[in-house]
Amino acid sequence: MNKFSKLIKAVGLILQRPALLNLILKDEQVLQQAFEKEFPHLELQQTDVFGWPEAAQLTIAPYAFLSGSSMATDFALLQLLCRRYSVETYLEIGTWRGESAANVAPYVKEVFTLNLPDQTLLEMGMSQAYIASHRFFLKDLANVSHLFGDSATFDWTPYKQKCDLIFIDGDHSTEAVERDTRTALGLRKSEKSILVWHDAKSDGEYPRYEVLLGIYRALPAAMHGKLYLVKHALCAVYLPDGADAAQIQLNALPNRQFEIGLKNINL
Ligand SMILES: C[S@@+](CC[C@H](N)C(=O)[O-])C[C@H]1O[C@@H](n2cnc3c(N)ncnc32)[C@H](O)[C@@H]1O
């Protein structure tokens, strides 16, 4: 098929299913171009938290190896941050099965986790099975409080200036990440509070510009220098005290190796 025929076919398909346009608008190369145009002098930097002394021995539990989950190293990062910075109040946007909240709960005083209400998920056309999987890992955890609402309209007043660490893992569209990041700035207990975003990378190495655009648009420029992609994980983190960092080098030789033992635990 030549280029002209492809164009005619593509336009026909888009007219039939306009949602296909999102595949172009959300294409990572398109978003990378937009990012580089908007932040021409910005060099993405990466930090390796797995070199910290607290990272010598980590146990990630629970971990279900199910679809859509984080990497084990993302939960390890949250645990490391909570331990190293003595986090008391942890708040996250996006609960789902409760895997991230359950992983940090043993290391903090209180966990707040916000999700869309089940009824909203139903109205969005989500399956009963998906909805039922929400909060699965949090059933018996006394220090976890469930908040229900849309992060865009939720009344955040009681949580303002209360949180030591805020984990943003809800809607990953650029607009939603920008909005949730602005919200998170107001939830910080102090300027020493930490912010973490999930899915700021597509995999252990590649940045994800859809999410990065939202983060950098929301953060004041003065904070940009302390924002890091996390090596070996999918997260980005804002560390107020700064951290050792380097520019991203794709397809670099592994600098670190891990050993993973699998233990089947009862719930
Ligand atoms: C990727 S999952 C969260 C995974 C969880 N943090 C973990 O690591 O175990 C994203 C969740 O965010 C919720 N969500 C999406 N948009 C939201 C919004 N606008 N407000 C609140 N929750 C939202 C979805 O219902 C979904 O359960």
Side-chain angles (χ1 to χ4, degrees), residues 22 26 58 60-82 87 90-108 111-139 141 143-156 158-159 163 165-184 186-187 194-204 208 210-211 214-215 218 230 232-237 267:
N22 287 330
K26 291 198 168 190
L58 295 163
I60 308 309
Y63 194 71
F65 290 98
L66 291 177
S67 70
S69 183
S70 302
M71 285 172 44
T73 43
D74 293 312
F75 298 145
L77 166 76
L78 293 173
Q79 181 191 134
L80 272 172
L81 293 169
C82 290
V87 167
Y90 165 99
L91 184 145
E92 67 178 18
I93 298 176
T95 312
W96 197 3
R97 302 183 187 99
E99 228 170 2
S100 50
N103 267 279
V104 299
Y107 305 100
V108 302
V111 171
F112 295 99
T113 180
L114 174 95
N115 211 85
L116 293 167
D118 290 357
Q119 183 59 30
T120 307
L121 293 172
L122 199 62
E123 285 160 13
M124 288 166 68
M126 302 298 173
S127 73
Q128 286 286 2
Y130 171 73
I131 296 168
S133 68
H134 278 68
R135 302 172 290 285
F136 180 84
F137 289 113
L138 302 174
K139 284 173 198 142
L141 299 184
N143 64 341
V144 177
S145 301
H146 293 281
L147 313 177
F148 292 95
D150 184 326
S151 63
T153 52
F154 186 72
D155 177 10
W156 291 106
Y159 309 97
C163 306
L165 190 156
I166 300 119
F167 180 42
I168 299 171
D169 190 19
D171 177 345
H172 293 92
S173 66
T174 302
E175 297 70 25
V177 172
E178 180 177 350
R179 182 194 66 219
D180 288 348
T181 303
R182 289 188 199 285
T183 297
L187 300 178
I194 298 162
L195 304 174
V196 184
W197 297 261
H198 198 245
D199 293 313
K201 291 164 71 183
S202 310
D203 61 20
R208 180 171 166 190
E210 181 181 15
V211 169
I215 299 173
V230 178
H232 311 293
L234 301 181
C235 290
V237 61
L267 289 168

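Remember, it's 1-based here, ligands and their atoms both numbered in the order they're listed. Values below: all heavy atoms of this structure, side chains included; hydrogens, waters and symmetry mates excluded.
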Q: Considering the heavy atoms of Glu99, write down every atom of ligand 1 situated less than 4.0 Å from one of them.
A: 9 (O)

Q. Taking heavy atoms and a distance under 4.0 Å, where does Tyr130 meet ligand 1: side chain, backbone, both or neither?
A. side chain

Q: Indicate whether any N or O donor in one side chain lies under 3.5 Å from an N or O acceptor in the other, for Ser70 and Glu99.
A: no

Q | Per-atom contacts of ligand 1 with Thr95, taking only distances under 4.0 Å to non-hydrogen atoms | A | 4 (C), 5 (C), 9 (O)

Q) For ligand 1, which atoms have a heavy atom of Ser70 less than 4.0 angstrom away? A) 8 (O)

Q. Near Leu114, which atoms of ligand 1 are under 4.0 Å from a heavy atom of that residue?
A. 21 (C)

Q | Residue-ligand contact His134/ligand 1, heavy atom below 4.0 Å | A | yes

Q) Of the listed options (Gly149, Ala64, Gly68), which comes nearest to atom 21 (C) of ligand 1 when hydrogens are ignored and any heavy atom counts? A) Gly149

Q.
With a sphere of 6.0 Å drawn around CD of Glu123, does it hold more than 12 non-hydrogen atoms of other residues, nucleotides or ligands?
A. yes

Q) Taking the minimum heavy-atom distance to atom 25 (O) of ligand 1, which of Leu116, Asn115, Leu78, Asp74 ranks first? A) Asn115

Q.
Starting from atom 1 (C) of ligand 1, what is the nearest protein heavy atom, named by residue and atom, and what distance separates them?
A. Asp169 OD1, 3.6 Å

Q. Would you call Asp118-Arg135 a salt bridge at under 4.0 Å N-O?
A. yes

Q) With a cut-off of 4.0 Å, which atoms of ligand 1 are near a heavy atom of Asp171? A) 15 (C), 16 (N)

Q: Decide whether the shortest distance between a heavy atom of Ala102 and an atom of ligand 1 is less than 4.0 Å.
A: no

Q: Could you find the nearest protein heavy atom to atom 20 (N) of ligand 1 and give me its residue, atom name and distance?
A: Ser151 N, 2.9 Å

Q. What residue and heavy atom of the protein are closest to atom 9 (O) of ligand 1, and at what distance?
A. Ser100 N, 3.0 Å

Q. Can you list the ligand 1 atoms lying under 4.0 Å from a non-hydrogen atom of Leu121?
A. 25 (O)

Q.
Can you name the atoms of ligand 1, numbered from 1 with element, that are less than 4.0 Å from a heavy atom of Asp150?
A. 18 (C), 19 (N), 20 (N)

Q: Mark the output for Phe75 as yes if a heavy-atom distance to ligand 1 is under 4.0 Å, and as no if none is.
A: yes

Q: In sequence, state the C-alpha distance, the side-chain angles, and the governing distance for Tyr159 and Phe112, and then conclude on ring pair (Phe, Tyr, Trp, His ring centres under 6.0 Å).
A: CA-CA 9 Å; Tyr159 309 97; Phe112 295 99; 5.1 Å; yes

Q) Closer than 4.0 angstrom: is that true for some heavy atom of Ala152 and an atom of ligand 1? A) no

Q. Heavy-atom contact under 4.0 Å between Tyr63 and ligand 1?
A. no

Q: Step through it carefully: locate the ring centre of Phe136, locate the ring centre of Trp96, and say whether they are under 6.0 Å apart.
A: no

Q) Regarding Gln128 and Tyr130, is there a side-chain donor-to-acceptor distance under 3.5 Å anywhere? A) no

**Q.** side chain to side chain donor-acceptor pair (under 3.5 Å) assessment of Thr174 paired with Glu210
**A.** CA-CA 5 Å; Thr174 302; Glu210 181 181 15; 4.9 Å; no

Q.
Check this for me: does any side-chain nitrogen of one of Arg182 and Glu178 sit under 4.0 Å from a carboxylate oxygen of the other?
A. yes

